[in-house]
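Just so you know, these numbers use all the heavy atoms, side chains as well, and skip hydrogens, waters and symmetry mates.
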There are 2 protein chains.
Amino acid sequence: MDVVNFRILEALQEDARMPFTRIGQELGMSSPAISDRVKKMEDLGVIRGYKAIVDPKALGYQFQAMITLRAFVGKLRPLLDKVPQLREVRNCYRITGTENIIMEVVLEDQGHLERFIDLLIAYGETRTHVVLSQVIAQNPLGRPLAKKD
Amino acid sequence: MDVVNFRILEALQEDARMPFTRIGQELGMSSPAISDRVKKMEDLGVIRGYKAIVDPKALGYQFQAMITLRAFVGKLRPLLDKVPQLREVRNCYRITGTENIIMEVVLEDQGHLERFIDLLIAYGETRTHVVLSQVIAQNPLGRPLAKKD
DNA sequence: CCTGAAATAGCCAGGTC
DNA sequence: GACCTGGCTATTTCAGG
């Protein structure tokens, strides 16, 4: 993980479909060299995949929300098993603090939001924060300053 | 936005580098047809880009955290202006509720976490939740059920 | 939306430092 | 080990229908 790899990561986080030839041009390298490095980063788990970023609003999801949940005793495990089946959940984290879980969800309308919360209250006490706007979205990960290869 | 477009979105959310030829094969269409549809979805803002998904741990970020912040009076605007400059912030949302802001951050170590919180307390009251594990990561967006094209 | 051709890009040797 | 070049294959892109 030298500086070249971080330049490659930077490019691919900005546009995952950018051709290796062009990345190579900007770095003064050939495309096989880039390809080798990318494959190695994929194998090492540094690169976990490539995803299209889709706008929920454009698909008809009127609301986005952050929901924290404090699980009832014995209900955390069942919830963790349930969450992967919920299409509304885009991201879900186990966290420290009085709440156990925080998830980012997309909802089609008010009724959908209500039904979703109803579903959750079987597992714990929830707190819902409707998203007003996204200030930063998928900011690329840079090189850790403390990192000494 | 018909069912074909949603199939394409599904594929590209799973792997943004999947060739259009292969997507076309699975849908019984030619690659130019896929290309046209993708370009149209990009122009409409449905597809906002393509990003490599990078593992923070593999880069040397030891902590990930969700931080909520309740801004002091007159401090929300300055914070919103500041946030885009912070490399630690991967996502940041304005939300409803007693807190105004929630952000997802990556930190290199304990000291980094401390410095970052110190920076934030100039703007408001913070609550930090260290991420223990990510239960769901970047779950693909599906077709809204209520959507009637 | 298709086909078919042209331009690009990715990929597999083999060779160099 | 990391990189380059050359040639082959795959993919994208562009035209016309």
Visitor: What pairs of donor and acceptor atoms, side-chain ones from residues 109-117 of chain B against any protein atom, are under 3.5 angstrom apart with sequence neighbours left out?
Guide:
unit_1: B/D109; atom_1: OD1; unit_2: B/G111; atom_2: N; d: 3.1
unit_1: B/D109; atom_1: OD1; unit_2: B/H112; atom_2: N; d: 2.8
unit_1: B/H112; atom_1: ND1; unit_2: B/E108; atom_2: N; d: 2.8
unit_1: B/H112; atom_1: NE2; unit_2: B/E88; atom_2: OE2; d: 2.8
unit_1: B/R115; atom_1: NH1; unit_2: B/G111; atom_2: O; d: 3.4

Visitor: Please list, pair by pair, any protein nitrogen or oxygen found under 3.5 Å from a nitrogen or oxygen in nucleotides 10-17 of chain D.
Guide:
unit_1: D/dT12; atom_1: OP1; unit_2: B/F20; atom_2: N; d: 3.1
unit_1: D/dT12; atom_1: OP2; unit_2: B/F20; atom_2: N; d: 2.9
unit_1: D/dT12; atom_1: OP2; unit_2: B/T21; atom_2: N; d: 3.3

Visitor: Test your reading of the model: is there a side-chain donor-acceptor pair from A/N100 to the backbone of A/A71, 3.5 Å cut-off?
Guide: yes

Visitor: Rounded to the nearest angstrom, tell me the gap between atom CD in A/E26 and atom P in C/dA9.
Guide: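 It works out to 12 Å between those atoms.
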
Visitor: In whole Å, what is the span from the CG atom of A/D15 to the P atom of C/dA9?
Guide: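 Taking CG of A/D15 and P of C/dA9, I get 13 Å after rounding.
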
Visitor: Quick one: label A/G28 by what it contacts on the DNA or RNA (base, sugar-phosphate, nothing), any heavy atom closer than 4.0 Å.
Guide: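 Sugar-phosphate, backbone atoms only, no base.
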
Visitor: Look up atom CD in B/Q138 and atom CG in A/N91, then write down how far apart they are to the nearest 0.5 Å.
Guide: 5.0 Å

Visitor: One thing to verify: whether A/D2 and A/R7 come together as a salt bridge, which I'm taking to mean a side-chain N less than 4.0 angstrom from a carboxylate O.
Guide: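 Result for this pair is no, no salt bridge flagged.
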
Visitor: If only side-chain N and O atoms of A/K40 are considered, is one of them under 4.0 Å from the OP1 or OP2 phosphate oxygen of D/dA2?
Guide: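 Yes, A/K40 has a side-chain N/O under 4.0 Å of OP1/OP2 on D/dA2.
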
Visitor: Separation of A/D36 atom CG from C/dA13 atom P, in whole Å?
Guide: 13 Å

Visitor: Take atom CZ in A/R87; do more than 12 heavy atoms of anything else shown fall under 6.0 Å from it?
Guide: yes

Visitor: Whole Å only: how far is the CG atom of A/L27 from the C1' atom of D/dA2?
Guide: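 After rounding, the gap between these two atoms is 14 Å.
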
Visitor: Apply side-chain hydrogen bond (donor to acceptor under 3.5 Å, both in side chains) to residues A/Y93 and A/E104 and explain how you reach the verdict.
Guide: CA-CA 9 Å; A/Y93 308 87; A/E104 179 190 337; 5.5 Å; no

